[in-house]
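Worksheet for the structure shown next.
Lettering follows sequence order; numbering is per chain, from 1. What you see is a predicted model; the values in this text were computed from it and never measured.
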Amino acid sequence: MNWDWNYAWHLLPVLGQGLVVTVEVTAAAALISVVVGFVLAIIRRAGGPLGGLVAFIIEFLRGTPLLIQAFFLFYVAPLYGITLSPFVTGAIALGAYYSAYTAEAYRGGIASIPVGQWEAASVLSLSPTRTWIGIIGPQAVRAVLPALGNYIIGMLKDSAILSVITVSELLNQAQSAGALSYRYLEPFTLVGVLYFAISYPSSIGVRRLERRLGRRLSSTHR
Amino acid sequence: MFHALLDGLATTVEVAALSAVFATVISLVAGIARSSHIRVVRIVAGTYIEIFRGTSAIVQLYFAYYVLPLAGISLSPIVSGVAVLSLAIGAYGSEIVRGGLAAVPATQTDAATMLGMGPWLRLRRVLLPQALVTILPPFGTLMIDLIKATSLLSLITIHDLAYQAENLRQLSGGAESLRIYTTTMVLYFVLSMAVTAVIRLLERNTQHPRSARGFRRATRGSSAPAAMTAGSVQAEADR
């Protein structure tokens, strides 16, 4: 087994294409989960039968593998006339899976907002919508920003699972390249390096953000 | 159909249990190493943790399955699968253990040292029992992640639940997909719930030595020797 620089060099454009798809699908999933997670958190908080149902859905999504959820969406949806491209299917699967996680993060964030904020909003007779969007939402988002950041890094890494439903992301491209040349050392090593090169600096960035926000939050609340 | 899925479930439970044991050992070793006062030990543990946390488990799995044999390291799929899962989950577990140890007040270390305890005795009787309280809840979540991650082993030909589901889908020509995948998800979900229940039970049994209930239990005597040491050391320190 020898590392072939020439071959590795030739792989770069193909892997580059895959990396673009990886970033795109992660961005789409991140957008879905940041929005849907918030909605789920609000519904769950409201309680009642609907809140209970959402709580169950969150538990279910968190208790089953993304791989199976992706297969489910990929193979079952077309049987009922819903045909989506692999990319869209993958983005929805990844986004839905992580919505369950972001919903729980938001729940914690909302719970951490001082009661005084709710009271102030109701004294000013703000409508529930304005209370959520103008008062609670922004503070909750700020409180959960580091958690959201970590989940987005998680999405980046888990997007590799979407290669099994033929999304032509990084790992999928590496596999095809490897299958063509019967050389797996270079493609898989480069894929690992690329994931690391993005996720490691990102996680350091999130840690820094966490420290900065922590300092600011504690100085405003006390 | 149900029979094949149950067979797969048995394999899933097997690999999950094996990986859980190894991952726990790795978490403890690497987590303690990461908190060591020896710089080299800290760096070695840190490198392992960051490499495995910085890449996807599925990529690590493919690397072990496709690349290692080229280097003359031919492992059976089950061995490389369990090894990769243990290392991947262990990397996250190490950070939990490190965090748990860091959360134990420094006065505990001081008090134990003052009582003449060596590093290992201190770790075993004072620091770890107290860290366990902070370690257990996130460790439970990690075990759920492990169960879910075992589904990736189906991609390297291990006949687990996910593999059986995919196999059945192909046999049925796709027509039975809804039933097959719904059942599969329910089985994974039940497994996750079972693990959550076990962890909750464990949590209830590890009272914090410094909480009122934990202290009462500790001072009552023989039932909790580890907590007793920690509790009485704390009592010493508080005086």
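- A heavy-atom distance below 4.5 Å is found between the side chains of A/Y97 and B/K148.
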Test log, rule side chain to side chain contact (heavy atoms under 4.5 Å, CB included), inputs A/Q69 and B/Y181: CA-CA 8 Å; A/Q69 292 172 19; B/Y181 281 122; over 6 Å; no
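- For the pair A/K157 (side chain) and B/I58 (backbone), a donor-acceptor distance under 3.5 Å is absent.
- With a 4.5 angstrom heavy-atom cutoff, B/A57 does not touch chain A via any of its atoms.
- Between B/Y62 and A/F188, the angle of the ring planes lies from 30° to 60°, which puts this pair in the tilted group.
- Of residues 11-34 of chain A, no residue lies under 4.5 Å from chain B by any heavy-atom pair.
- Both the backbone and the side chain of B/T182 come within contact range of chain A, judged by heavy atoms closer than 4.5 Å.
- Only the side chain of B/I144 has a heavy atom closer than 4.5 Å to any heavy atom of chain A.
- Only the side chain of A/Q175 comes within contact range of chain B, with heavy atoms under 4.5 Å apart.
- When all heavy atoms of A/G192 and B/T55 are compared, the pair lying nearest together is O-CG2, 3.2 Å.
- Of the atoms belonging to A/V164, it is side-chain heavy atoms, and not backbone ones, that fall under 4.5 Å from chain B.
- Residue A/I161 touches chain B through both its backbone and its side chain, counting heavy-atom pairs closer than 4.5 Å.
- Atoms OG and CZ, on B/S154 and A/F71 in that order, are 6.5 Å from each other to the nearest 0.5 Å.
- Nearest approach of B/G174 to A/L79, heavy atoms of both residues: O-CD1, 3.5 Å.
- Taking every heavy atom of both residues into account, B/G54 and A/S199 meet most closely at O-OG, 2.8 Å.
- Between A/Y101 and B/D145, the closest heavy-atom pair is OH-OD1, 3.8 Å.
- Using a 4.5 Å cut-off between heavy atoms, B/E166 touches chain A through its side chain atoms alone.
- Rounding to the nearest 0.5 angstrom, the gap separating the CG atom in B/L68 from the CG atom in A/L185 is 10.0 Å.
- Atoms OG1 and OH, on A/T64 and B/Y188 in that order, are 10.0 Å from each other to the nearest 0.5 Å.
- For chain B, the option among A/P65, A/A77, A/A160 with the highest count of heavy-atom pairs below 4.5 Å is A/P65.
- A cation-pi arrangement, defined by a distance under 6.0 Å to the six-membered ring centre and an angle within 45 degrees of its axis, is present between B/R169 and A/Y75.
- For B/F2, the CZ atom sits in a loose shell: 12 or fewer heavy atoms of surrounding residues, nucleotides or ligands are nearer than 6.0 Å.
- Heavy-atom neighbours of B/F22 CZ from other residues, nucleotides or ligands within 6.0 Å: at or below the threshold of 12.
- Distance check, rounded to the nearest 0.5 Å: CG of B/L70 to OH of A/Y184 gives 9.5 Å.
- A/T189 touches chain B through backbone and side chain together, each having a heavy atom under 4.5 Å away.
- Neither the backbone nor the side chain of B/A165 comes within less than 4.5 Å of any heavy atom of chain A.
- Only the side chain of B/L155 comes within less than 4.5 Å of a heavy atom in chain A; its backbone stays farther off.
- For the atom pair CG (A/L67) and OG1 (B/T184), the distance works out to 10.5 Å, reported to the nearest 0.5 Å.
- Applying the ring-ring contact (aromatic ring centres under 6.0 Å, His included) rule to B/F63 yields no partners; only residues at least two apart in sequence or on another chain are considered.
- Using a 4.5 Å cut-off between heavy atoms, A/Y200 touches chain B through its side chain atoms alone.
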